[in-house]
Amino acid sequence: MVKVVLNGKEVEALEEETILNLVRRHGIEIPTLCYYEGFANGSCRICVVEVNGRLMPSCITKVSEGMKIETESARVTEARKTLLRLLLKNHTHRSKEEQMRCRVCEYAVKYGLEPAPVMPDVKVDDTHPAIIFNPSACVMCRKCVIACGIDQNNDVIAVIGRGSGTRVGFDLDTSMGMSSCVSCGACVDACPTGALMEKGWVPADKVVETTCPYCGTGCQVEYGVKDGRVIWARGAYGPANEGKLCVKGKFGYHYVNSPERLTKPLIRRPNVPKGPLNGRPIHEVFREATWDEALDLIASKIREILNKYGPAAIGGIMSDRSTNESIYAFQKFMRCAIGTDSIDQSATLCHEPSAWSLAAQLGFGAATNPIRDVLNSRTIIVVGSNMNETHPVIAAYVKRAAKQGAHLIIVNPIHTELARYAEYELLISLVRMSYYSPQWPGT
């Protein structure tokens, strides 16, 4: 610990922590545009503070013994206003919704300046099916570059040009829709000005945090809800994803609002035999019921089977898209309330081989480390997985580790995109095993 003076009061700070983290721990808000959690940037300077009489960016300046820090002095306020005036010089929004997403406009109002104007006819890049890019709203904070190239490791967005012509570009300076973008939406969630945002975005009445219902990674996601409908999604900071999402988690939420989705329990009508619908309207086979009626019917059927055949006649299958907590509660109910061990869940179809292998090697048929520990690995071996398609968020950690120097070895029957980051790739077939290295494509 070191001692510093913060706004005239002596406080203790963690050695090597940034001034920004220190002041936030003490409940002081400082404006930020380029700050990206866990990565050094420091390009916008809007988080400037006064340190021993000098103006310093708080997001990249680390504390040291005896520092005197002022977060709202006259010099600091004037410096922030000057930076905002410069940013607003060439800053234009295409819609009121985009302006609402802009932190520059928010700070401008806070510091007594006029927000950027709304001009619907500004030139935008709307070639992407889900994302729209407005270059005139970009302030070159480079958060999208970090999100795409360093955090998600998709390497699509970069800074191109020189001097006054410096700008954000996609791949070899192509349109976003023609680029190799995988639509993870990390750039959208990171952008502080609305220059990159979802098509059709509107503000929500409330935000609900939950677990993404797709693969088993367990990403935390925030859903914007308006009039009872999910209208957008963004990554929440959870231990599995740290704010990251894939295309399914970011843009695959529309099924929630589908008119074909079941929202009420259905009970089979009397004298209607079981079997496929075969084109029959569903209301001819089932009728809607209340939850109380459906649960009472299930309970009565369970009691009837228990009394007649015993607990061995009952089995339970849980959805693999449920949370661990829900699956735990279900198996507890089956074992304790019903008395059966006949329990399964649909992930067994694909996870049984890997669970057996993990149990044989590690003594436990599941992961033994948090996902982030991949970044601490010296060697990573990926066997029989196309995680870029099936678990993109985990793949982001693997790619980042490989970029940082970890030895990545791929063993697979097919060539996958992840092999682009591998040191060695072993392609296996039933007939032969071939050796392939990205460095020596002829082998």
Side-chain angles (χ1 to χ4, degrees), residues 7 18-21 23-24 27-37 41-51 54-61 69-125 131-147 157 159 164-168 187-204 207 224 232 234:
N7 292 338
T18 63
I19 294 175
L20 180 61
N21 286 340
V23 299
R24 284 183 169 179
I28 301 171
E29 278 301 315
I30 289 181
T32 60
L33 291 174
C34 72
Y35 177 69
Y36 198 110
E37 183 74 35
N41 192 7
S43 63
C44 76
R45 295 309 202 253
I46 199 70
C47 68
V48 65
V49 294
E50 193 170 351
V51 180
R54 298 176 58 194
L55 295 176
M56 307 283 284
S58 63
C59 67
I60 57 173
T61 304
I69 305 167
E70 293 289 336
T71 63
E72 297 294 338
S73 67
R75 286 187 68 198
V76 167
T77 301
E78 188 56 38
R80 290 175 185 165
K81 289 176 71 172
T82 300
L83 286 167
L84 286 169
R85 289 191 189 99
L86 292 171
L87 291 173
L88 290 165
K89 280 284 186 180
N90 298 299
H91 194 62
T92 308
H93 290 289
R94 61 180 177 83
S95 66
K96 204 69 177 174
E97 288 76 19
E98 185 181 282
Q99 189 188 56
M100 291 174 67
R101 291 269 290 261
C102 181
R103 227 177 286 167
V104 172
C105 294
E106 177 187 332
Y107 295 149
V109 173
K110 178 181 177 181
Y111 285 92
L113 305 174
E114 286 292 322
V118 175
M119 301 178 64
D121 58 343
V122 297
K123 187 177 180 181
V124 299
D125 179 356
I131 301 171
I132 190 166
F133 175 49
N134 177 12
S136 62
C138 178
V139 293
M140 291 302 298
C141 69
R142 293 168 170 79
K143 285 184 72 175
C144 60
V145 179
I146 295 174
I157 304 177
V159 175
S164 60
T166 304
R167 65 192 191 283
V168 165
C187 58
V188 173
D189 291 344
C191 181
T193 66
L196 284 158
M197 63 185 290
E198 306 93 332
K199 287 185 175 179
W201 182 90
V202 293
V207 177
W232 48 258
R234 68 181 177 216

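In this chain, residues are counted from 1 in sequence order. Since the model is a prediction, treat every value here as computed from it, not as a measurement.
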Nearest 0.5 angstrom please: [X] [atom1] to [Y] [atom2], how far?
X      : Y      : atom1 : atom2 : value
Tyr36  : Ile146 : OH    : CD1   : 7.5 Å
Ile19  : Glu50  : CD1   : CD    : 11.5 Å
Arg85  : Glu114 : CZ    : CD    : 12.0 Å
Leu87  : Arg45  : CG    : CZ    : 13.0 Å
Leu86  : Lys81  : CG    : NZ    : 13.5 Å
Lys143 : Leu33  : NZ    : CG    : 8.0 Å

* Matching residue for Ser58 among Val76, Leu20, Thr71, Ile46 - test: side chain to side chain contact (heavy atoms under 4.5 Å, CB included) -> Leu20
* Structure fact -> Test side chain to side chain contact (heavy atoms under 4.5 Å, CB included), reference Asn134, set Val122, Leu196, Asp125, output is Val122
* To do: Indicate whether the side chain of Tyr107 and that of Arg80 have a donor and an acceptor atom separated by less than 3.5 Å.
  => no
Student check: side-chain heavy atoms of [X] and [Y] closer than 4.5 Å:
X      : Y      : result
Leu84  : Val104 : yes
Pro135 : Arg167 : no
Asn7   : Glu72  : no
Cys187 : Phe133 : no
Cys105 : His93  : yes
Val207 : Arg234 : yes
Glu70  : Leu55  : no
His91  : Cys102 : yes

Considering non-hydrogen atoms only, spot the tightest contact between [X] and [Y] and give its length.
X      : Y      : result
Trp232 : Glu198 : CB-OE2, 4.5 Å
Ala190 : Ala147 : CB-CB, 4.0 Å
Arg142 : Ser43  : NH1-CB, 4.3 Å
Gly42  : Cys59  : CA-SG, 3.7 Å
Cys144 : Ile157 : SG-CG2, 3.8 Å
Ala108 : Leu88  : CB-CD1, 3.9 Å

* In sequence, state the C-alpha distance, the side-chain angles, and the governing distance for Ile132 and Arg94, and then conclude on side chain to side chain contact (heavy atoms under 4.5 Å, CB included). => CA-CA 11 Å; Ile132 190 166; Arg94 61 180 177 83; 3.1 Å; yes
* Donor-acceptor pair, Thr92 side chain versus Pro117 backbone, under 3.5 Å? -> no
* Asked: Is there a donor-acceptor pair closer than 3.5 Å between any side-chain N or O of Arg101 and the backbone N or O of Gln99?
  -> no
* Asked: After noting the C-alpha distance and the side-chain angles of Met197 and Ile131, does the key distance pass the side chain to side chain contact (heavy atoms under 4.5 Å, CB included) rule?
  -> CA-CA 6 Å; Met197 63 185 290; Ile131 301 171; over 6 Å; no
* Asked: Please walk me through it: do Val139 and Cys44 pass side chain to side chain contact (heavy atoms under 4.5 Å, CB included)?
  -> CA-CA 8 Å; Val139 293; Cys44 76; over 6 Å; no
* Evaluate the side chain to side chain contact (heavy atoms under 4.5 Å, CB included) criterion for residues Ile69 and Met56: first the C-alpha distance (whole Å), next the side-chain angles of each, then the deciding distance (0.1 Å), finally the verdict. => CA-CA 10 Å; Ile69 305 167; Met56 307 283 284; over 6 Å; no
* **Full working for salt bridge (charged side-chain N to carboxylate O under 4.0 Å, His left out) between Lys199 and Glu97** => CA-CA 11 Å; Lys199 287 185 175 179; Glu97 288 76 19; over 6 Å; no
